[in-house]
Participant: 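First, the structure itself, so that you have it in front of you.
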Amino acid sequence: MILFSVLLSGLDRPASAQAPSGDYLASLLTEARTRKLSEHRYWHLLLHYRHQWTGRVVSEADGKDFFLAPNGKYRPDAELEATITAFFAPFPDDPEAQHPQCRFPARFAWLKQALHLDPQRLPVAPCERFETWRSRLDPESATIIFADAYLANPPSMYGHTFVRLNHKAHRREERLLDYTINFSADTETRNGIMFAILGLIGGYPGRFSTTPYYIKVQEYTNLESRDLWEYQLSLSPQQLDRLVMHLWELGSTYFDYFFLTQNCSYQLLPLIEIADPERHLSESARPWVIPIDTIRTLLKQPGLVTGVERRPSHMNQMLEQRSRLTADEIDVAEAVSKRMDLQAKTELDRYPDQRKALILDTAYDYFRYREGFTHGQSAENKKLERRILLERTRLGLQASEPGEAVQGIPPHNGHKSGLASLRVGVTRHSSFEELAIRPALHDLAADQTGYLPNSQLEMFHLRLRYDNEDRKPYLEELTFLRIVSLSPTDRWIRKPSWKVVSGLDLAKELDCVPRRCLYYGFNVGRGISAKTDIVGEEVFYLLAEADLGGGKVFRDGYRIGGGVRMGLLMSITPVWRAQMEGAFLRYPLGDIHTNTDILIDQAFQLTHDLDLRLTFQQETSYREATVALRVYF
Amino acid sequence: MVLLFAEAGWDLLNPHNQGGRHVRQWARVLVGMAALLLWASGATVFAVGYGAAGCGPGSVVANPKNETGHQAYAAAVNMSAGSNLYVISIPTVQQSAITSGTSNCGNSAKIKNYAAQDAFAQSTYQELAKEMAAGDGETVRTLAALMGCPKEQEAGFARFVKTSYPSIFPSDQVSSAEMLQQLKAEMSRDPELAGACRSL
């Protein structure tokens with residue numbers, strides 16, 4: 001409560017004359033009005049009011065029940081008066097019905113302090129349901145958790161953030177039982193396109209939910225093979241109590257969910273401001289919100305984040321364990337995992353118990369990864385599982401040989417999310433300058449620290465060029481979406497490599513004037529990739545692609561075709577990466593022609609958020625060489 | 001597939017290729033294209049499998065109705081707008097456990113404990129089996145806490161489940177509820193754990 005007093009230090013109440021108790025409400029309303037309580041920052045935080053660019057104040061909450069005044073969404077003053085008035089309502093007879101004091105405990109707690117509410121004249125309602133609920137959360141601390149990006153599912157491409165409330169009664173080892181706070185779109189739609197469209201325009205209600213952490217751990221680390229990063233926050237129990245009270249208020253409402261702006265991460269910052277209003281977190285300069293940027297915002301706050309821990313996914317745990325086995329031991333682990341027959345047992349028995357334990361643990365993890373985490377597995381699977389685990393129990397209390405925990409590189413250490421770039425280049429006929437901007441996120445040649453390895457995710461990449469010969473500007477590229485996900489084939493992990501691209505591009509291979517070259521292209525590909533460690537790290541890939549284009553540049557206005565693309569992605573030194581790629585595409589429909597593309601891109605990382613690119617590109621007869629300086633912001 | 005496609009493509013480029021043959025070739029090309037598109041998109045994208053709670057248009061509050069096939073559990077939260085009924089219930093695939101378990105705040109602490117054990121065992125069944133066989137781990141220690149065992153007993157509990165593993169999992173067809181039942185039966189026969197763990 002000390003902090004609370006600090007918060008309210010500007011609000012010292014003028015000594016008011018004792019009013020008769022019947023007029024108590026009236027005097028409180030007058031006081032609230034004269035002191036302009038409805039303009040106080042905390043009131044605006046509690047009601048999620050925001051100033052729009054027009055200067056108008058609007059609450060971001062969209063559920064009607066969140067407001068007690070009919071125009072409460074737009075009128076902080078009306079809402080404040082309606083709230084104070086509602087607190088005087090008679091107690092309901094029905095024990096299930098909730099008094100406004102119980103529906104809005106955070107508002108009540110704040111006004112109690114701000115207006116020095118007198119319990120003699122304003123009876124305090126018993127809130128049994130709220131109190132029961134609160135005792136289930138009762139946090140002593142909070143942790144914000146980042147789930148790694150998961151490209152295979154559009155809503156998870158940028159990762160996810162949620163908060164865990166660490167219950168006072170739980171020990172450190174019982175964190176699995178803590179509850180998490182999630183903000184997510186509430187929908188039953190399974191149609192990908194509907195998803196994307198409605199998600200962009202706010203067609204789904206976003207709601208807060210509370211889920212035990214063990215469910216989240218199952219979902220992310222087991223089902224989706226995503227590492228979790230737990231960032232500990234230094235919020236005090238008193239501060240968190242305010243958060244919990246406010247969370248209860250949010251249970252009745254919803255916020256329209258916008259994929260790019262008002263998403264899961266966006267809504268977490270106001271929660272932390274509610275807990276600690278001294279911190280100004282949600283006034284971001286950017287209109288879009290990327291989950292990892294939320295983490296960076298928190299990290300910038302002095303003393304707020306006190307540490308980070310990694311909870312590896314099942315898959316990574318398995319791979320880290322396997323890396324501690326010798327080649328022979330891996331063979332045995334595979335035999336155990338797939339058969340666990342007499343032969344496998346004999347091979348296993350050649351090893352000392354500690355190694356055996358490690359082999360068996362790895363074998364079981366591989367079995368689980370291979371067969372999945374579904375319930376209702378086949379009888380054969382269950383038999384095999386039992387054979388492996390029974391063998392493990394026979395090792396007495398032998399722990400598997402301990403290895404060093406892999407710390408990993410936390411995702412906030414990656415380069416920043418936005419990109420601005422200045423490029424100059426020459427073609428056979430001319431030269432040009434190029435300005436480019438890309439709100440998100442990462443490309444193949446960029447430094448991979450903190451990002452999914454061998455992946456690319458670009459959205460709204462805009463490149464504008466000025467031709468020095470023509471003396472005219474033109475649009476070089478506007479990519480709506482470009483995802484490339486290369487998963488090198490591993491003995492135990494077989495994931496497809498794939499790509500999808502959608503956006504405006506120039507068909508320079510047709511020898512057209514750039515301004516008349518524009519078309520819309522859609523391209524998908526799937527294939528394989530493999531990793532070697534000859535120079536540094538090399539990833540070879542081969543993709544079969546389908547390619548569609550539409551635009552005036554094409555005869556008949558379109559082209560449909562496909563072909564193959566192969567490439568090599570190299571980490572030569574820690575600061576030097578290169579991508580080499582060749583593609584052969586044939587278009588038998590529409591504008592019939594053939595394309596041969598070559599790309600050689602070299603990336604030199606100059607500082608954490610600055611890189612230099614040397615690029616050569618050929619599209620059939622068109623060639624260009626460029627140099628670019630790129631800043632991540 | 002790619003071959004079929006390329007073949008069709010070459011045909012179309014044949015200078016002698018004229019008139020009536022177009023339709024068939026078009027069909028072949030389109031079939032090839034469609035197959036390639038399907039194959040490529042099968043790799044991943046836009047097929048929203050289990051309602052992955054993420055950050056975007058598809059981040060859903062997992063829906064219990066869709067969870068039969070796999071283990072993506074319902075974020076079993078009872079939040080009905082308006083009434084402000086916002087009670088955390090213990091999530092489980094068995095909806096009965098939700099209704100009979102914890103969403104009703106009037107239930108006794110004991111029943112809540114059982115429901116919590118059930119839900120936890122069901123959600124983490126495979127982890128539990130593995131850690132019980134190994135004789136330690138975070139999940140098994142958490143189960144010890146849910147059984148009301150004091151901290152001093154956690155390691156003892158983990159050892160105990162390892163040695164009693166064959167009785168706790170008497171066959172390869174044990175459900176999580178049966179496993180819990182067996183575990184509790186075994187624990188009640190162990191003088192130390194039976195005395196120390198309060199929520200058997």
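Below, each value reflects all heavy atoms present in this structure, side chains not excepted, and no hydrogens, waters or symmetry copies. All chains are named by letter (A, B, ...) in the order of the sequence lines, taking the proteins before the strands, and each is independently numbered beginning at 1.
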Participant: Using the test ring-ring contact (aromatic ring centres under 6.0 Å, His included), find all partners of A:Phe130 that sit at least two apart in sequence or belong to another chain.
Facilitator: A:Trp248
Participant: Measure across A:Gly372 and B:Gln126 and return the closest heavy-atom pair with its distance rounded to 0.1 Å.
Facilitator: O-NE2, 4.3 Å
Participant: Between A:Ala379 and chain B, which part of the residue has a heavy atom less than 4.5 Å away: side chain, backbone, both or neither?
Facilitator: both
Participant: Under 4.5 Å, heavy atom to heavy atom: which of residues 163-171 of chain B reach chain A? Give them by number, or say none.
Facilitator: B:Tyr165, B:Pro166, B:Phe169, B:Pro170, B:Ser171
Participant: What residues, two or more places apart in sequence or in another chain, satisfy side chain to side chain contact (heavy atoms under 4.5 Å, CB included) together with B:Asp172?
Facilitator: A:Lys382, A:Lys383, A:Arg386
Participant: Which heavy-atom pair separates A:Glu385 from B:Ala129 by the least distance, and what is that distance?
Facilitator: OE2-CB, 4.4 Å
Participant: Between A:Glu174 and B:Lys151, is the side-chain contact (heavy atoms from CB on, under 4.5 Å) condition met? List the steps.
Facilitator: CA-CA 11 Å; A:Glu174 295 162 31; B:Lys151 172 133 185 71; over 6 Å; no
Participant: One thing to verify: whether B:Glu138 and A:Arg175 come together as a salt bridge, which I'm taking to mean a side-chain N less than 4.0 angstrom from a carboxylate O.
Facilitator: no
Participant: Can you name the nearest heavy-atom pair linking B:Thr139 to A:Leu176, along with the distance?
Facilitator: CA-CD1, 4.2 Å
Participant: Has A:Glu128 got more than 12 heavy atoms of other residues, nucleotides or ligands less than 6.0 Å from its CD?
Facilitator: no
Participant: Heavy atoms, side chains only, cut-off 4.5 Å: are B:Lys130 and A:Arg368 in contact?
Facilitator: no
Participant: Might you point out which heavy atoms bring A:Arg392 and B:Ala134 nearest each other, and give the distance in Å?
Facilitator: NH2-CB, 3.6 Å
Participant: Who pairs with B:Ala155 by side chain to side chain contact (heavy atoms under 4.5 Å, CB included), at least two apart in sequence or on another chain?
Facilitator: B:Arg141, B:Arg159
Participant: If we ignore angles and hydrogens, is there a donor and acceptor under 3.5 Å between the side chains of A:Asn222 and B:Glu127?
Facilitator: yes
Participant: With rounding to the nearest 0.5 angstrom, report the CG to CG distance, B:Leu146 to A:Leu177.
Facilitator: 4.5 Å
Participant: Within the supplied structure, the quantity of interest is the number of heavy atoms (other residues, nucleotides, ligands) at a distance under 6.0 Å from B:Gln173 CD; does it exceed 12?
Facilitator: yes
Participant: Decide if atom CZ of B:Arg198 counts as having more than 12 heavy atoms of other residues, nucleotides or ligands within a radius under 6.0 Å.
Facilitator: no
